[in-house]
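Naming convention: chains lettered A, B, ... in sequence-line order (proteins, then strands); numbering from 1 in each chain. For clarity, every value in this text was computed on a predicted model and none was experimentally measured.
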Amino acid sequence: MYGWCGKIAKINLSDQTWSVETADPEILKKFIGGRGLAGYYLRKKITLNWDDPDMPLLIFTGPLVNTRSPTSGRMTIMSRSPLTGTVGDSSVGGSFGTELKKAGFDGIIITGKSHILAGIEILNDSIRITDARHLAGRETGYVNSLLKGKGSRAVIGPAAENGVVFSSVIVDRYFAAGRSGIGRVSASKNIKYITVKGTGKTKIFNAQDLRKAREDVFRLAAASPVLLGEFGISRFGTGALYDLMDARCMMPTDNFRQTKFSHASFMNAHAFKKRYAPKKSGCRGCHILCKKITKNHTSIPEFETMSHFSALLDNSDIHTVVRANRICNEMGMDTISAAATLACFSEISQKRLSPNEIVSLLLDIGEKRGLGAELGMGAAKYAKRRGRSDLAMAVKGQELPAYDPRGAYGMALAYATSTRGGCHLRAYPVSHEILRKPVATDRFTFKGKARIIKIGEDLNAVADSLTACKFIFFAASLEEYAKIYTAVTGIKTSGQDLFKTGERIYYNERIMNSANGFTEKDDDLPDRFFTSPGYKNTSIDIDPIDRKAFLEARSNYYVVRKLDKKGMPVPDTARKLGLVIS
Amino acid sequence: MDQIFRIYEDKFLKSGLADQGTPLLGLLDARLSWNRDDKACAVLERLFEHLNINALVFSQPAEPYRSIVDYLAETSGGIIFPGDCESRTFLHDLPVSFSFSLESIILALKERKSVIIPGQGIITYGTVGLEQAYVTFSSVCFACFVKFFSDYLFDITHGKINNIRQNLFDLLVKRLEPTPCFKTSLMKGPFDSEISVYQAIQEAGTLIVKHRLVDSYFGNISFCYNDTLYISQTGSSLDNLQGFIDPCPLDGSSCTAVTASSELPAHLKIVKNTENNAILHGHPRFSVILSMICDIEKCEYRGQCHIKCPHERFVCDIPIVSGEVGSGPYGLCNTVPEAIEGRPGVIVYGHGVFTAGKTDFNRPFKNLIKIENDCRTEYFNRIRSFHRYGRR
Ligand SMILES: [Zn+2]
Ligand SMILES: [Zn+2]
């Protein structure tokens, strides 16, 4: 077998056993790997509670990982989300995926529950379950450095152990599987960490074709301003987007009450670069290297984190942003959800948070102290408890990232339809609505957006399954990645064939959500975006979104996605995609 | 929908890419709509079922593209390999389908962004709208034009021109648009306000398109004023730049220009390292064509000239440099800024021309036209001199 290892490790924590499943080549072809393949395995158990011992925690890489394919060093961690109840997954970099492939596995399926806090250590084809009680409550940085000799490390922090539903898994110290509260699932199974180290090679079908396809992608990346340009993410990190969001007047400010932040020009990527002089770093197998890390091992916040810990909280102290980011990573919490939950708290309690309050509240959440215990439930549940559900800026319970939907209507629709709730990465319309790639679209219209969003969702489902970094698709397309896929696996395909696979992967997720009772009323945005305007000046007007136009776009989306009128999957479409609805 | 169709019908016409009434445009959201009825719709409709796309263009290109595209397609054996750099980077190659059948069209479009059906037209698509399909269509036409004329010049010196190609060449030459000429002048610098800078950029953009010095309307323009470089956005129409100019502070204190033209690094280096403040970049055809002729018989880099040709070359006293789009190791930002110092302009191998001036766009604009006209003259001189001295 080329590309894949063809083997999946199944670990049962309840009886401390493990076995190796041989992957069915037909299933690999149908779901590729990463998010797609994890979704295939999740589907069988999706109606269980997220903390049911039988609910699997899935870690999957794809066929391109551990090859010379560009930006391929990623993987997906998936389970049912404790935060939203939907399919819950997060794509993460670092070198875990690569090491897992080297160890000979395409993925790991973890079920059961350990009776003590445990670790999982994988060294090639041997798997050990270890006693990790001495690490209870320890921060991710500490655990990470303790395990350094054991290969790549995926670690949860105190937040997950303390029940925070937006807990992350931190990989190799700097890389967060942040969204969906996936760290909480690991904690419920009593798994503090997983390490993996391997020495194997991934077999390539045609190295020469791979080299050529790789060069095509490199050339496109070099021509891409946002990737490798003067102000692109390779130089400035994802924070390069910060100034743009400010210039487009769509930076969520004050819990989305405003869309322009007056201190933005002092808190941009340039300001971070000047103050912290970070160095380039990145995932294994990537040449873009968008991660920025300082000499003393502090990571510079990603765009979303930068934006939410400044504008969303009306905080103009740059160092607090760095500290908040560090605390979230050490505690093991998603920065987007954490910041948005604080912003929700700030609005409900009608007080602006000082830098010190931001920091101490984050620590309280992670340690489950006082008010922190309540905020650890996430913005939606917290606001509901306070009788102010309208002030939780979340979709399906997942807090929204740093693009105001009033400033980009494709994004508005994408937030609503995302299968994991408030997320920008499922369809990633930032590419054409903001960055003008492959060409620019009008960000203030829903016209044509239903189909565009559906295509974007399919594309990113493929990217997350191959796996490849979504950023590379600012420059390349599936046309080039199909060549890479064929060169690696030997399976003939085309960009359009891969799109079909993406459609299958996405529909499978829709089926899982509908099985858990999600309906069209969950494919919606907080009221605020339909009733309150954003920034206004002589040259721009950020108006409330026209609800009628939004609903029409959503109906169009259901047609395009071949769901029924209420957004529910239909057996006929499922069957055509090679899926079954039971 | 109708409004958007009219916009693109107009674009096709104005850019000379298609004749009135020929482009067939399809857009799909929840429902599929066409700009007009056509018997091809029946087949094309089914493309939307098989391909994850939302926009489609099918059109016979206008002359001279039509004859060129048909000739290249018919003699291609199934795939046309373009020679210019941008087409190689963004389109890779141009598949041909010898019949208008659903299967063979799908087969091509599954892998590439366009398909040529000789005698019938070109099909292109978009995943985010008609703009994308339009841009691809325009790029295919440009790539074919450049390929035809550069291959001709190369092959005639190697005695490989048959009668069919010769007749077509003669016909095309007769049909070529007259050489651009320009008598009046542009806004005079030095400029004393941001507003006049924006106006000057917009004026230059409009004139570049009017004089067909860019393919479709891609190229880029910048002006440096008060330590800020004002530059056209990536993928913007040079004849409609209002609202599509990014200010980029030279001290790098803002990343707003992440949406600026991909040639921003070259523009920045030129204003920082030379005395120039006004920069134009376009893709005038004969400059591109001529630049692709490498005179060195046994060049060890044949086929790779665009990235690493080490030979110092000139056309009509204008240096030709290697370099790819953007900022890679072979990026043209490493070659153009140095070469432009003290010269009227620079031609980037197989790509386009940069010109620059100190206070306004008058000098760079005139030089852009002059370089193109000189290259055109030189192209035909070379052909004539060959005919005069005959095949040996
Ligand atoms: Zn160019
Ligand atoms: Zn050469």
Side-chain contact test, heavy atoms from C-beta onward, threshold under 4.5 Å: evaluate it for A/Phe499 versus B/Lys110 and give yes or no.
->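 The answer is no, as the side chains (C-beta and beyond) never meet within the 4.5 Å cut-off.
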Taking every heavy-atom pair that is under 4.5 Å apart, which of [options] has the most such pairs with chain B?
options: A/Leu478, A/Ile233, A/Leu244; value: A/Leu244
options: A/Val560, A/Leu241, A/Ile455, A/Asp497; value: A/Ile455
options: A/Glu479, A/Lys500, A/Met245; value: A/Glu479

Where does [X] contact chain B at under 4.5 Å (heavy atoms): side chain, backbone, both or neither?
X: A/Ala482; value: neither
X: A/Val559; value: side chain
X: A/Ile434; value: backbone
X: A/Glu503; value: neither
X: A/Arg248; value: side chain
X: A/Val226; value: both

Specify the closest pair of heavy atoms between [X] and [Y], including all atoms of both residues, with the distance to one decimal.
X: A/Ala223; Y: B/Phe90; value: CB-CZ, 4.0 Å
X: B/Ala260; Y: A/Pro225; value: O-CG, 3.7 Å
X: B/Val135; Y: A/Val439; value: CG2-CG1, 4.4 Å
X: B/Cys255; Y: A/Ala240; value: CB-O, 3.4 Å
X: B/Glu324; Y: A/Arg219; value: OE2-CD, 2.5 Å

Per-residue contact mode, [X] against chain A (heavy atom under 4.5 angstrom):
X: B/Asp251; value: backbone
X: B/Ala55; value: neither
X: B/His92; value: side chain
X: B/Cys333; value: neither
X: B/Ile53; value: both

Looking at A/Lys483 and B/Glu111, does any basic side-chain N land under 4.0 Å from a carboxylate oxygen?
-> yes
Could B/Asp29 and A/Lys447 be called an ion pair, given the rule that one side-chain N must be under 4.0 Å from one carboxylate O?
->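 Result for this pair is no, no salt bridge flagged.
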Residue B/Lys272 excluded, over 12 heavy atoms near NZ under 6.0 Å =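 Yes.
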Within the side chain of [X], is there an N or O that forms a donor-acceptor pair under 3.5 Å with the backbone of [Y]?
X: A/Arg451; Y: B/Ala30; result: no
X: A/Gln496; Y: B/Asn52; result: yes
X: A/Asp216; Y: B/Thr89; result: no

Largest heavy-atom contact set with chain A, pairs under 4.5 Å, which of B/Pro265, B/Gly235, B/Ser254 =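 Of B/Pro265, B/Gly235, B/Ser254, B/Ser254 has the most heavy-atom pairs under 4.5 Å with chain A.
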Identify which of B/Val128, B/Asp246, B/Thr256 forms the greatest number of heavy-atom pairs closer than 4.5 Å to chain A.
->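 When all of B/Val128, B/Asp246, B/Thr256 are compared, B/Val128 has the most.
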Audit row: B/Leu264, A/Phe231, side chain to side chain contact (heavy atoms under 4.5 Å, CB included) steps and yes/no = CA-CA 9 Å; B/Leu264 171 70; A/Phe231 298 104; 3.6 Å; yes
Does a donor on one side chain and an acceptor on the other come within less than 3.5 Å for B/Gln132 and A/His432?
->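 On atom types as modelled, these side chains do not qualify, holding no pair under 3.5 Å.
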Establish, from distance only, whether the side-chain atoms of B/Asn54 and A/Lys454 form a donor-acceptor pair under 3.5 Å.
-> no
Taking it one step at a time, do B/Thr234 and A/Lys437 satisfy side-chain hydrogen bond (donor to acceptor under 3.5 Å, both in side chains)?
-> CA-CA 9 Å; B/Thr234 181; A/Lys437 294 294 168 189; 2.9 Å; yes
Measuring from B/Glu131:CD to A/Thr441:OG1, what's the distance to the nearest 0.5 Å?
-> 10.5 Å
To the nearest 0.5 Å, atom OG of B/Ser253 lies from atom NZ of A/Lys274 at 8.5 Å
Please assess A/Ile452 against B/Thr127 for the test side chain to side chain contact (heavy atoms under 4.5 Å, CB included), listing each intermediate value before the final yes or no.
-> CA-CA 6 Å; A/Ile452 292 175; B/Thr127 53; over 6 Å; no
